[in-house]
Every structure is written in structure tokens, then in C-alpha cells.
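As C-alpha cells, the structure follows; a few thoughts come after it.
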There are 2 protein chains.
Amino acid sequence: MKETRLGEFEEVLLLLVGILGDEAYAFKIAEEFESQTQRAVSIGAVHSTLNRLSEKGFLTSEMGNSSPERGGRRKRIYTITATGRRVLIEARDFKTSLWEQYPGFANG
Amino acid sequence: MKETRLGEFEEVLLLLVGILGDEAYAFKIAEEFESQTQRAVSIGAVHSTLNRLSEKGFLTSEMGNSSPERGGRRKRIYTITATGRRVLIEARDFKTSLWEQYPGFANG
DNA sequence: TCATTATATTCTAAATTGTAGAACTAATAT
DNA sequence: ATATTAGTTCTACAATTTAGAATATAATGA
């Protein structure tokens, strides 16, 4: 894997960051993932993937202010970069193009 | 990874098998992959992924007849299973649903 | 203010996927 | 028979995915 590619889970998390906007921090992302997939995910899985995505330049992040809630460490808020968005769009378009070539599944 | 999931490369190969129909054998698949992606892929990568996909029940395969061409070993022809098709559709629909929730990218 | 509790991130390790290429097999033309 | 071509199998390693323990931080109540 010489090149910076986008794995399956990575793609979903990137999309989730885009969807969550300024609420995009690991715990929230994990919650959202579970509610959208009915699949359990460990918080560690989410964190390490978010890190990798940052190293690849698809995400940036900064610590947010402490919340007004009970307790808790400050959140790290993730933001998708222009490169991240581009890669996401490329992945989507490529799949779409493959589906269009699949006999009997042209629409869906 | 307790469950049988579908990785990124796996998904693409599965789709390619569907597209190639009765011409879906490793060499052809590799060729098709390269022509559709402008990305080099090793034949070994394709074979081992095809095997994994078969173990997961997403593909079946059988040896074809020897071709009328110059030389060569008999081809192993892959066919997508009902389960494979279902998993593929699920993956597509999930991504589509995420894109629809992405503000500013509703269409495309 | 200090222990407690809740919220999160970081760190460590292991399983699964992704990738490459050498070794091997079989058919045909010469 | 042997060289050539087409293709699969086998072996090994790198990257991604996953889980969970350890740690840090903030708010609250005594």
C-alpha cells in the first residue's frame, strides 16, 4: 500500500465527520456509526482510524472548549479537508460507474 | 472482526466479477481493474482476494474448459452468489444514505 | 479542596485485509 | 521433446481494522 488509499471503514468515518459538522468528535462519531449501522464499534477503532485519516491529510482537528455538561475531558473536533472531500467524491463516483456497468443493476 | 465484512478492494472485485460475467477469471479481472482505475495491481493480490471472497460465501468458482488459444492453464471462472449480491447492495445503499445526509452534497 | 463520577482521548496489541511476486501447471507450436 | 504462453497457487509481508486497558480532564458534592 504505497499510496494513500481509503479503506472501507475510513470512508464511512470521513462521511460521518462531514455529516456531523462541528459535533464531529470521536464519541459522537462512534454513536452515530452504531445508530446508522446497527453494528457495534469500539471507541478505540474510531480513534485510531481518525488518527490515520489525519495523517493522510483527509482530516484536521483541534481541541474544542469544555462542554457545559457534567464532567469530561475536552473534545477533539475533526474537520474534513478539501483533499478528504475530493477523495470521498472520487470513491463514490468510481463505485457509481461500476454499478452502471453491472448488467441488471443499472438503476438500483 | 467477528463478522464477515466487505473491504474496499473486495467490494471492487466483487463488482468486477458481476460485470465480467462468464469472463470473470483472475487475469481478466486484474486487467479490467487496471483499465478502470489507472492503478496497477498484482495478480497475486487479485487471486488472494478472490479466494477470501469465496471463503466468505460471496463467490463460487469452477474450472472452465481449456481455451482454444495458444497455451495456458485452464481458467477458474468466478460467479457471484446471492449473498454476495446482497452484501454489495447493502454497501451501496448505506453509502448512498450517508451521502444524502451530507449537507451540501445531497445530489452530487 | 479533595474525592468521586462522568466524559473523552491515548496507548497497546491483535486479527483481518490488501499487496507483491515467485513457484508451479498445463496446453500448443515447433 | 522443448520452448513459449497463459494462468493459478503458494508464501510472505504491509496496511487497515478492531478491541480494550490506561490515562487525562472537568464538574460536582461533601
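Here is the naming used below: chain letters follow the sequence lines, and residue numbers restart at 1 for every chain.
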Requested in this report: In plain terms, say whether A:Glu62 and A:Arg74 are close enough for a salt bridge, that is, a side-chain N and a carboxylate O under 4.0 Å apart.
Outcome: no
Requested in this report: Look at all strands and tell whether A:Val41 reaches a base, only sugar-phosphate, or nothing, counting heavy atoms closer than 4.0 Å.
Outcome: sugar-phosphate
**Report entry** Distance below 4.0 Å between B:Lys28 side-chain N/O and D:dA6 OP1 or OP2
**Finding:** no
Requested in this report: Could you please name the option among C:dT9, C:dT19, D:dT18 that lies closest to any side-chain atom of A:Thr49?
Outcome: D:dT18
Report task. Return the value, rounded to whole Å, for the distance between atom CG of B:Leu6 and atom C1' of D:dT18. Result -> 17 Å
Requested in this report: Confirm from the modelled atom types if A:Ser48 and D:dT18 form a donor-acceptor pair under 3.5 Å, side chain to base only.
Outcome: yes
**Report entry** Interatomic distance, B:Leu53 CG vs C:dG18 P [rounded to whole Å]
**Finding:** 9 Å
Query raised in the report: How close or far is atom C1' of C:dT17 from atom CG of B:Leu50, stated in whole angstroms?
Result: 14 Å
**Report entry** Reference residue A:Glu11; test side-chain contact (heavy atoms from CB on, under 4.5 Å); the match among A:Leu6, A:Val87, A:Leu16, A:Leu53
**Finding:** A:Leu6
Report task. Please state whether the phosphate of D:dT9, meaning OP1 or OP2, lies under 4.0 angstrom from any side-chain nitrogen or oxygen of B:Arg76. Result -> yes
Report task. Using a 4.0 Å heavy-atom cut-off across all strands, classify A:Phe27 as base, sugar-phosphate, or nothing. Result -> base
Query raised in the report: Less than 4.5 Å apart, any side-chain heavy atom of A:Val17 and any of A:Phe58?
Result: no
Query raised in the report: Which whole-number value in Å describes the distance from A:His47 NE2 to C:dA13 C1'?
Result: 17 Å
Query raised in the report: So A:Arg86 and A:Ile89, side-chain contact (heavy atoms from CB on, under 4.5 Å) or not? Walk me through it.
Result: CA-CA 5 Å; A:Arg86 182 167 47 67; A:Ile89 289 171; 5.8 Å; no
Query raised in the report: Taking CZ from A:Arg39 and P from D:dT17, how many angstroms apart are they, rounded to a whole number?
Result: 11 Å
Requested in this report: Please determine if a side-chain N or O atom of B:Lys75 lies less than 4.0 Å away from the OP1 or OP2 oxygen of C:dA26.
Outcome: no
**Report entry** B:Glu62 CD to D:dG7 C1', straight-line distance once rounded to whole Å
**Finding:** 17 Å
Query raised in the report: Of the nucleotides C:dG18, C:dA8, D:dT16, which one has an atom closest to the side chain of A:Glu10?
Result: D:dT16
Requested in this report: Could you please spell out the steps behind the side-chain contact (heavy atoms from CB on, under 4.5 Å) verdict for A:Gln101 and B:Gln36?
Outcome: CA-CA 11 Å; A:Gln101 299 171 59; B:Gln36 300 238 10; 2.7 Å; yes
Query raised in the report: Does OP1 or OP2 of C:dT9 have a side-chain N or O of A:Tyr25 closer than 4.0 Å?
Result: no
What pairs of nitrogen or oxygen atoms, one from the protein and one from nucleotides 22-24 of chain C, lie under 3.5 Å apart?
| residue | atom | partner | partner atom | Å |
| --- | --- | --- | --- | --- |
| C:dC24 | O2 | B:Arg73 | NH1 | 3.4 |

Query raised in the report: Taking atom C1' of C:dG18 as reference, at what distance in whole Å does atom CG of B:Leu16 sit?
Result: 16 Å
Query raised in the report: Are B:Tyr102 and A:Leu14 connected in a single hydrophobic cluster, I mean Ile/Leu/Val/Met/Phe/Trp/Tyr linked by side-chain heavy atoms less than 4.5 Å apart?
Result: yes
**Report entry** side-chain contact (heavy atoms from CB on, under 4.5 Å) between A:Lys95 and B:Val12, intermediate numbers included
**Finding:** CA-CA 8 Å; A:Lys95 298 281 176 54; B:Val12 174; 4.1 Å; yes
Query raised in the report: Start at the 5' end of DNA chain C and walk down; is the nucleotide closest to A:Asn51 or to B:Glu11 reached first?
Result: A:Asn51
Report summary line: note: A:Glu8, atom CD; D:dA15, atom C1'; distance rounded to Å ~ 15 Å
Query raised in the report: Looking only at side-chain N and O atoms, does A:Arg52 come under 4.0 Å of OP1 or OP2 in D:dA14?
Result: no
Query raised in the report: Under 4.0 Å: is that the gap between some side-chain N or O of B:Arg5 and OP1 or OP2 of C:dA15?
Result: no
Query raised in the report: Can B:Ile43 be reached from B:Ile77 by stepping across I, L, V, M, F, W or Y side chains whose heavy atoms are under 4.5 Å apart?
Result: yes
